[in-house]
Amino acid sequence: MKKLIIIPAFNEADSLPILINSINGLDDRYDYVIINDGSTDKTKKICTENGYSVIHLPINSGIGVAVQTGYKYALENDYDIAIQIDGDGQHDVRYLSTVVSAIEKGEADLVIGSRFIMKEGFQSSGARRMGIQLLSTIIWICTGIKVKDVTSGFRAVNRDFIHVFAEDYSKDYPEPEAIVTAKMYGAVIKEIPVIMKERENGTSSITLWKSVYYMIKVTLAIWVKRLSYGVRREKK
């Protein structure tokens with residue numbers, strides 16, 4: 001199976017060389033594409049000088065646009081599996097084979113790497129964990145599926161959902177909403193344990209006020225998506 005790693009990156013010049021070296025050092029073969037989301041640091045220069053596989057977005061468009069660009073690239077280049085990992089190095093590439101295993105075996109359409117199953121490694125702040133638990137409950141109410149780590153950006157999908165996400169993907173803070181989208185399209189979703197690392201370089205784009213906005217926006221988006229799906233079913 002052709003496997004593509006999608007790496008959204010905004011101002012990750014310090015982290016990307018370490019991450020790409022780690023990917024290239026794996027025994028299994030993975031292609032990758034960095035989506036440089038209008039970075040203002042040396043990310044573009046680093047990618048060019050090192051000959052990385054990269055798509056440069058002209059302006060900062062947000063994580064959702066960056067990731068969907070990766071899915072469009074995967075679709076156009078006929079990949080069987082697409083894996084998302086963050087450009088900041090928090091996702092340990094040694095777990096890639098574990099994440100894609102359920103897809104390769106046909107056991108799942110979407111696999112999410114969760115830091116909250118083994119509860120080892122970086123667990124995020126207490127406030128963020130509370131927010132994640134709230135979103136997990138909302139998604140369970142809306143879809144009937146229980147996912148512990150709904151904001152995890154470490155996930156993989158099969159060819160069918162490369163097609164889905166290339167066309168239907170949230171533009172802003174997309175991870176929780178993508179779970180709802182996948183479930184609406186009939187996905188079998190599986191959550192597996194991984195260990196994540198704390199960010200070593202750069203700064204998270206999610207501030208306190210953005211966290212508040214995030215919770216309100218994502219909660220509303222989940223409900224609207226679920227209700228719109230119900231309306232579409234009734235029309236059919």
### Where G70 and I6 come nearest, the two heavy atoms and their spacing
C-CD1, 3.4 Å
### Task
Answer yes or no for K148 and F116: cation-pi contact, defined as NZ/CZ to six-membered ring centre under 6.0 Å and angle to ring axis within 45°.
no
### Message
When you measure from the side chain of N77 to the backbone of Y73, do you find a donor-acceptor pair of N or O atoms at a distance under 3.5 Å?
### Response
yes
### Query
Which atoms form the tightest heavy-atom contact between H91 and G153, and what is the distance?
CE1-C, 3.5 Å
#### Entry: Pair T151-R115, side chain to side chain contact (heavy atoms under 4.5 Å, CB included): steps then yes or no
CA-CA 10 Å; T151 64; R115 75 201 102 170; 3.6 Å; yes
### Task
May I ask you to test the I162-L4 pair for a side-chain heavy-atom distance under 4.5 Å?
no
### Task
May I ask you to test the V100-I83 pair for a side-chain heavy-atom distance under 4.5 Å?
yes
### Query
If you take all heavy atoms of K146 and E191, which pair is closest and at what distance?
O-OE1, 4.2 Å
### Query
Taking the side chain from T43 and the backbone from A13, do they hold a donor-acceptor pair closer than 3.5 Å?
yes
### Query
For I222 and L135, which heavy atoms make the closest approach, and how far apart are they?
CD1-CD2, 4.4 Å
### Message
For D27, is there an ion pair with R29 - N to carboxylate O distance below 4.0 angstrom?
### Response
no
### Query
Under the 3.5 angstrom rule, does the side chain of S101 hit a backbone N or O of S97 as a donor-acceptor pair?
no
#### Entry: Side chain to side chain, Y30 and N24, heavy atoms closer than 4.5 Å
no
### Task
On the 0 to 90° scale, with breaks at 30° and 60°, tag the Y52-Y32 ring pair as parallel, tilted or perpendicular.
perpendicular
### Message
Would a single hydrophobic cluster contain both V67 and L75, if residues Ile, Leu, Val, Met, Phe, Trp and Tyr are joined by side-chain heavy-atom contacts under 4.5 Å?
### Response
yes
### Message
Apply side chain to side chain contact (heavy atoms under 4.5 Å, CB included) to residues L26 and L96 and explain how you reach the verdict.
### Response
CA-CA 9 Å; L26 294 171; L96 282 169; 3.6 Å; yes
#### Entry: From CD1 (I192) to CD (E107), nearest 0.5 Å
11.0 Å
### Task
State the CD-CD1 distance between E177 and I139, to the nearest 0.5 angstrom.
9.5 Å
### Task
Answer whether the closest heavy-atom distance between the side chains of V157 and D109 falls below 4.5 Å.
no
#### Entry: Heavy-atom donor-acceptor pair, D86 side chain to D88 backbone, under 3.5 Å
no
### Task
Please tell me if the side chains of I81 and R159 come closer than 4.5 Å, counting only heavy atoms from C-beta onward.
no
### Task
Supply the atom-to-atom distance I85 CD1 to Y95 OH, rounded to the nearest 0.5 angstrom.
14.5 Å
### Query
Does the side chain of I35 reach to within under 4.5 Å of the side chain of Q68, using non-hydrogen atoms?
no
### Task
Can you see which heavy atom on T48 is nearest to which on H56, and at what distance?
OG1-NE2, 4.3 Å
### Message
Contact between N158 and D80 at the side-chain level, heavy atoms closer than 4.5 Å - yes or no?
### Response
no
### Task
Dump the intermediate steps for side chain to side chain donor-acceptor pair (under 3.5 Å) on Y79 and D31, then the final yes or no.
CA-CA 10 Å; Y79 281 93; D31 294 338; 2.7 Å; yes
### Task
Determine, stepwise, if the pair I7 / L19 fulfils side chain to side chain contact (heavy atoms under 4.5 Å, CB included).
CA-CA 10 Å; I7 308 171; L19 176 59; 3.8 Å; yes
### Task
Would you check if the side chain of K171 reaches a backbone N or O of V65 as a donor-acceptor pair within less than 3.5 Å?
no
### Salt bridge present between E12 and K42 (N-O < 4.0 angstrom)
no
### Message
Closer than 3.5 angstrom, by distance alone: can the side chain of S61 be matched with the main-chain N or O of L57 as a donor-acceptor pair?
### Response
no
### Query
Could you state the interatomic distance from OG (S22) to CG (D92), rounded to the nearest 0.5 Å?
8.0 Å
### Query
Counting heavy atoms not belonging to K2, are there more than 12 under 6.0 Å from its NZ?
yes
### Query
Would E104 and K3 pass as an ion pair if we require N to O under 4.0 Å?
yes
#### Entry: Working for side chain to side chain contact (heavy atoms under 4.5 Å, CB included), residues I145 and W140
CA-CA 5 Å; I145 185 171; W140 173 70; over 6 Å; no
### Task
Measure from the side-chain N and O atoms of S152 to the backbone N and O of G113, and report whether any donor-acceptor pair falls under 3.5 Å.
yes
### Distance in Å, I46 CD1 paired with D41 CG, rounded so as to fall on 0.5 Å steps
8.5 Å
### Summary
Partner of N60 under side-chain hydrogen bond (donor to acceptor under 3.5 Å, both in side chains), picked from T40, D37, N36, is D37
### Task
Any chance you could lay out the side chain to side chain donor-acceptor pair (under 3.5 Å) test for Q84 and Y71, step after step, and finish with the verdict?
CA-CA 9 Å; Q84 297 172 224; Y71 280 119; 2.6 Å; yes
#### Entry: Distance-only polar pair, side chains of D160 and Y185, donor-acceptor under 3.5 Å
no
### Minimum heavy-atom distance between V93 and I23, given as atom pair plus value
CG1-CG1, 3.9 Å
#### Entry: Close side-chain approach of C47 to L16, heavy-atom, < 4.5 Å
yes
### Query
How many angstroms lie between atom OG of S136 and atom CD1 of I179, to the nearest 0.5 angstrom?
8.0 Å
